[in-house]
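These notes are about the structure you will find just below.
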Number of protein chains: 2
Amino acid sequence: MSDFARPNDSSRPDARPLYAQVESILNGRIAAGEWPPGFALPSEPELAQELGVSHGTVRKALDALERRHLIERRQGKGTFVARQTSERARFHFLPIRDLEGHQTEPTAVALSLDTVPAGEAASQVLQLAAGASTYRLRRLRSKEGTPFMLDETTMPAAVFPDFEVPLNGQLTDELYVMYQRRYGVTVVRSEEVLRAEGATPELAGILKIAEGTPLLVMERRTWDAAGRIVEWRSSWLDTTRHRYVNVME
Amino acid sequence: MSDFARPNDSSRPDARPLYAQVESILNGRIAAGEWPPGFALPSEPELAQELGVSHGTVRKALDALERRHLIERRQGKGTFVARQTSERARFHFLPIRDLEGHQTEPTAVALSLDTVPAGEAASQVLQLAAGASTYRLRRLRSKEGTPFMLDETTMPAAVFPDFEVPLNGQLTDELYVMYQRRYGVTVVRSEEVLRAEGATPELAGILKIAEGTPLLVMERRTWDAAGRIVEWRSSWLDTTRHRYVNVME
DNA sequence: AAGTGGTCTAGACCACCGT
DNA sequence: CGGTGGTCTAGACCACTTT
């Protein structure tokens, strides 16, 4: 099958480069779950033949998918659909460090999980119909018995049907690992908006700090490999013992 | 000149791939100022011949330099050493947005510029000998007459000799644009550590807010293309009308 | 028309992994 | 040893810009 729109094909003059089309095709197979996490892709020569393009073009597409962390390549073994690792979920998508700059290994406890109809804000952020069903999960992270961060995550029920999580016990898996393992949803992007705000009485009680203590408030939207917004999250961080780290390059 | 360490050269078995060596060579010429901002690089065939490698290898090295924003390529015209644009300085390296998410176009005023010997903290962060001379610049950014962010930047005098800036007038150029235009220092990376903190009396006075108002405090280190740390900066942001935005992917 | 960067191909060889 | 990904080359052709 080599029915690509060649860039030099006069009948479709605006076609994207071949390698970009190949990237989209492979991205689609991964996002659709056709190739699940851990799956071994066909070898590069096989892909080249199947798609009717050269080895070099396949490699250029795979290079891009690798940069986006959708695949992993192991020399001598093959190319695999990337699994959402706890490492990446916790360190890349949760840029919170302790005062020494080390990645913190907190305990996370689920406080509550509710099914709620999407309000105006949630339906707009998550691009849902008003009143669509969502889950709302509240988690509290602690370090050495001291709570330091609360978050409240809202997820469309349509994306995560029958979502469940043990309450009031320590959570073993990161949320993004669950998304992928249980629902085949691979997180590829988060956009976070930060501000400083004093602790409300409720937050002060949960985080065991004085009312009005300055907190770092984060509001996050998260996209999956298919380009859908799959969660909306607010977090409140007590920055007396922790920091938020951002690298720009 | 093709005296590279080939990966398959038995005398230097641990050599890096050719394209990585080419990238380092070109990066070095840019970082050393041999090829200044705006300079037109030799064409790809010329580079390939000069370095004794193939077109494809040169292109792979240039691809990497382009991703790092060190060069810009214009089809039909050539490849140029990237100028630090006000755009990039203000939007990429200053991820502050207004409440609508738009990049804000603030006015910046220099409050003070002092020459100070590096204290313990500064000399450690900037990797300087204790007591080495540094400049300390304080700037205040405002939007529609209302101040919202103060920053205090410390720079090694050895990197920026005779640094000058007009005081108490509006600054026309971003700092990173000055670094490059006046000193050939190209900023490629910043690492920022964030926390929330209440406004001190001094900050409250400068930002015209109530004492104790929660502020977003940023501490930044910045690297240039040669791998040197070229500044240390602390910033205090009033988040009532502005936000800090971070994209993870 | 000539020169630039951008795409695509075909093929050789290397490095690594398993049998 | 054969199969995998990784590197490197040589060359053709396209798209864009300037002369």
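What you see below is based on every heavy atom in this structure, not just the backbone, and it leaves out hydrogens, waters and symmetry mates. Chain A is the first sequence line, chain B the second, and so forth, proteins listed ahead of strands; every chain is numbered from 1.
- The side chain of B/Thr57 contributes an N or O atom lying less than 4.0 Å from OP1 or OP2 of D/dT9.
- Between A/Glu23 and A/Arg67, no side-chain nitrogen of the basic residue sits less than 4.0 Å from a carboxylate oxygen of the acidic one, so the salt-bridge criterion is not met.
- Evaluation of the ring-ring contact (aromatic ring centres under 6.0 Å, His included) rule for A/His69 yields no partner, not counting sequence neighbours.
- For the pair B/Phe80 CZ and D/dT17 C1', the interatomic distance rounds to 11 Å; values are reported in whole Å.
- Rounding to whole angstrom units, CG of residue A/Leu47 and P of D/dG6 are separated by 13 Å.
- Spacing between atom CD of A/Glu44 and atom P of C/dC16 amounts to 16 Å, rounded to whole angstrom units.
- As a whole-Å value, the separation of A/Asp63 CG from C/dT7 C1' is 15 Å.
- Side-chain N/O atoms of B/Tyr176 and B/Thr222 include a donor and acceptor closer than 3.5 Å.
- Distance NZ (A/Lys60) to C1' (C/dC8): 9 Å, rounded to an integer number of Å.
- No hydrogens or angles considered: nothing links the side chains of A/Tyr19 and A/Asp63 as a donor-acceptor pair under 3.5 Å.
- Straight-line distance from the CD atom of B/Glu46 to the C1' atom of C/dA2: 14 Å, rounded to whole Å.
- Checking C/dT4, C/dG5, C/dT7 against the side-chain heavy atoms of B/His55 singles out C/dT7 as nearest.
- Residue B/Thr79 places at least one side-chain N or O under 4.0 Å from the OP1 or OP2 atom of C/dG5.
- For the pair B/Ala20 and A/Pro42, both in contact range of DNA chain D, the more 5′-proximal nearest nucleotide belongs to A/Pro42.
- For the side chain to side chain donor-acceptor pair (under 3.5 Å) test with A/Tyr179, the passing option among A/Glu174, A/Gln84, A/Glu231 is A/Glu231; the others fail.
- In this structure, CG of B/Leu51 is placed 14 Å from C1' of D/dC8, rounded to the nearest angstrom.
- B/Ser234 and B/Arg220 share no donor-acceptor pair across their side chains, judged by distance under 3.5 Å alone.
- Among the nucleotides D/dC8, C/dT7, D/dG5, the one closest to any side-chain atom of A/Arg59 is D/dG5.
- A heavy atom closer than 4.0 Å to some atom of DNA chain C occurs in B/Arg73, B/Arg74, these being the qualifying members of residues 64-74 of chain B.
- For B/Gln49 and C/dT4, the CD to P distance is 12 Å, given to the nearest whole Å.
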Could you go step by step and tell me if A/Glu44 and A/Arg73 meet the salt bridge (charged side-chain N to carboxylate O under 4.0 Å, His left out) rule? CA-CA 11 Å; A/Glu44 293 175 358; A/Arg73 302 204 270 195; 3.4 Å; yes
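- Distances shown here put a side-chain N or O of B/Lys77 below 4.0 Å from the OP1 or OP2 atom of D/dT18.
- Considering only the side chain of B/Leu18, D/dT9 comes nearest among D/dT9, C/dT4, C/dC8.
- In terms of phosphate contacts, A/Tyr19 brings no side-chain nitrogen or oxygen within less than 4.0 Å of OP1 or OP2 of C/dC8.
- Residue B/Ser43 places at least one side-chain N or O under 4.0 Å from the OP1 or OP2 atom of C/dT4.
- Here the nucleotide nearest the side chain of B/Ser54, chosen from D/dG6, C/dG6, D/dC8, is D/dC8.
- B/Thr154 and B/Thr134 share no donor-acceptor pair across their side chains, judged by distance under 3.5 Å alone.
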